[in-house]
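Everything below concerns the one structure shown next.
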Amino acid sequence: MSEQSKWERIYSVVKQIPSGQVATYGQIATLAGYYRQARQVGYALHAVPSDDIPWHRVINAQGKISLNLEMGGAVQRKMLESEGVIFSSAGIISLREFRWEPAIDPLES
DNA sequence: GGTCTGACTAGGT
DNA sequence: AACCTAGCCAGAC
């Protein structure tokens with residue numbers, strides 16, 4: 001499988017994250033059929049080709065933003081907050097409250 | 001070609 | 001809670 005179609009599969013899952021919800025890198029990897037390849041999800045999002053992919057709704061497993069502030073972390077937080085996602089004083093999002101839990105397999109939809 | 005890096009994670013100590 | 005390790009693999013050099 002080429003890396004192109006692999007990334008596109010990752011993107012197709014990310015596109016299905018609803019506004020106001022978030023997913024973790026590992027969750028996207030698993031949903032796309034690439035269990036344990038969370039790093040590749042991060043890499044794919046780093047090179048995100050267009051702005052119709054809600055890359056900002058992907059965070060790490062600790063509920064935190066993985067970018068440095070200068071890499072766009074501040075922008076990501078602002079976009080999430082504008083969608084209604086709440087950050088704690090420590091900058092942590094409650095995954096229990098905001099994590100996306102797809103009812104159907106994203107690859108089948 | 002080998003080696004290193006990294007928007008990561010799960011499991012163990 | 002903090003730290004370590006193995007697993008993953010596309011680029012950059």
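Residue numbers start from 1 in every chain, and the chains themselves are labelled A, B, ... in the order their sequence lines are given, proteins ahead of strands.
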task = Go along nucleotides 7-13 of chain B 5' to 3' and tag each nucleotide: B for a protein heavy atom under 4.0 Å from its base, S when only backbone or sugar atoms are that close, - otherwise.
result = BBS----

Atom pair CD/CD1 of A:Gln27 and A:Ile17 - distance to nearest 0.5 Å =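 Here the rounded value is 7.5 Å.
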
Kindly write out the residues that satisfy side chain to side chain donor-acceptor pair (under 3.5 Å) with [X], not counting sequence neighbours, or none if the list is empty.
{"X": "A:Glu81", "answer": "A:Arg77"}
{"X": "A:Asp52", "answer": "A:Ser50"}
{"X": "A:Glu101", "answer": "A:Arg99"}
{"X": "A:Thr30", "answer": "none"}

inquiry  = Taking side-chain hydrogen bond (donor to acceptor under 3.5 Å, both in side chains) as the cut-off, I'd like each qualifying pair that reaches into residues 14-23 of chain A, sequence neighbours left out, listed once.
reply    =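 Those involving residues 14-23 of chain A are A:Gln16-A:Ser109.
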
ask   = How far, in whole Å, is B:dG1 from C:dC13 if one measures between their C1' atoms?
value =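 Taking atom C1' in both C:dC13 and B:dG1, they lie 12 Å apart.
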
query = What distance, rounded to whole Å, do you find between the two C1' atoms, one in C:dA2 and one in B:dA7?
reply =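 Approximately 23 Å lies between the C1' atom of C:dA2 and that of B:dA7.
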
task = Under 4.0 Å from any atom of DNA chain B, heavy atoms only: list the residues of residues 95-104 of chain A that qualify, in numerical order.
result =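 Those residues whose heavy atoms fall under 4.0 Å from DNA chain B, taken from residues 95-104 of chain A, amount to none.
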
inquiry  = Using the side chain to side chain contact (heavy atoms under 4.5 Å, CB included) criterion, which residues pair with A:Lys78? Sequence neighbours excluded.
reply    =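 Applying side chain to side chain contact (heavy atoms under 4.5 Å, CB included) to A:Lys78 gives none.
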
Residues in side chain to side chain contact (heavy atoms under 4.5 Å, CB included) contact with A:Arg39, at least two apart in sequence or another chain =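 Applying side chain to side chain contact (heavy atoms under 4.5 Å, CB included) to A:Arg39 gives none.
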
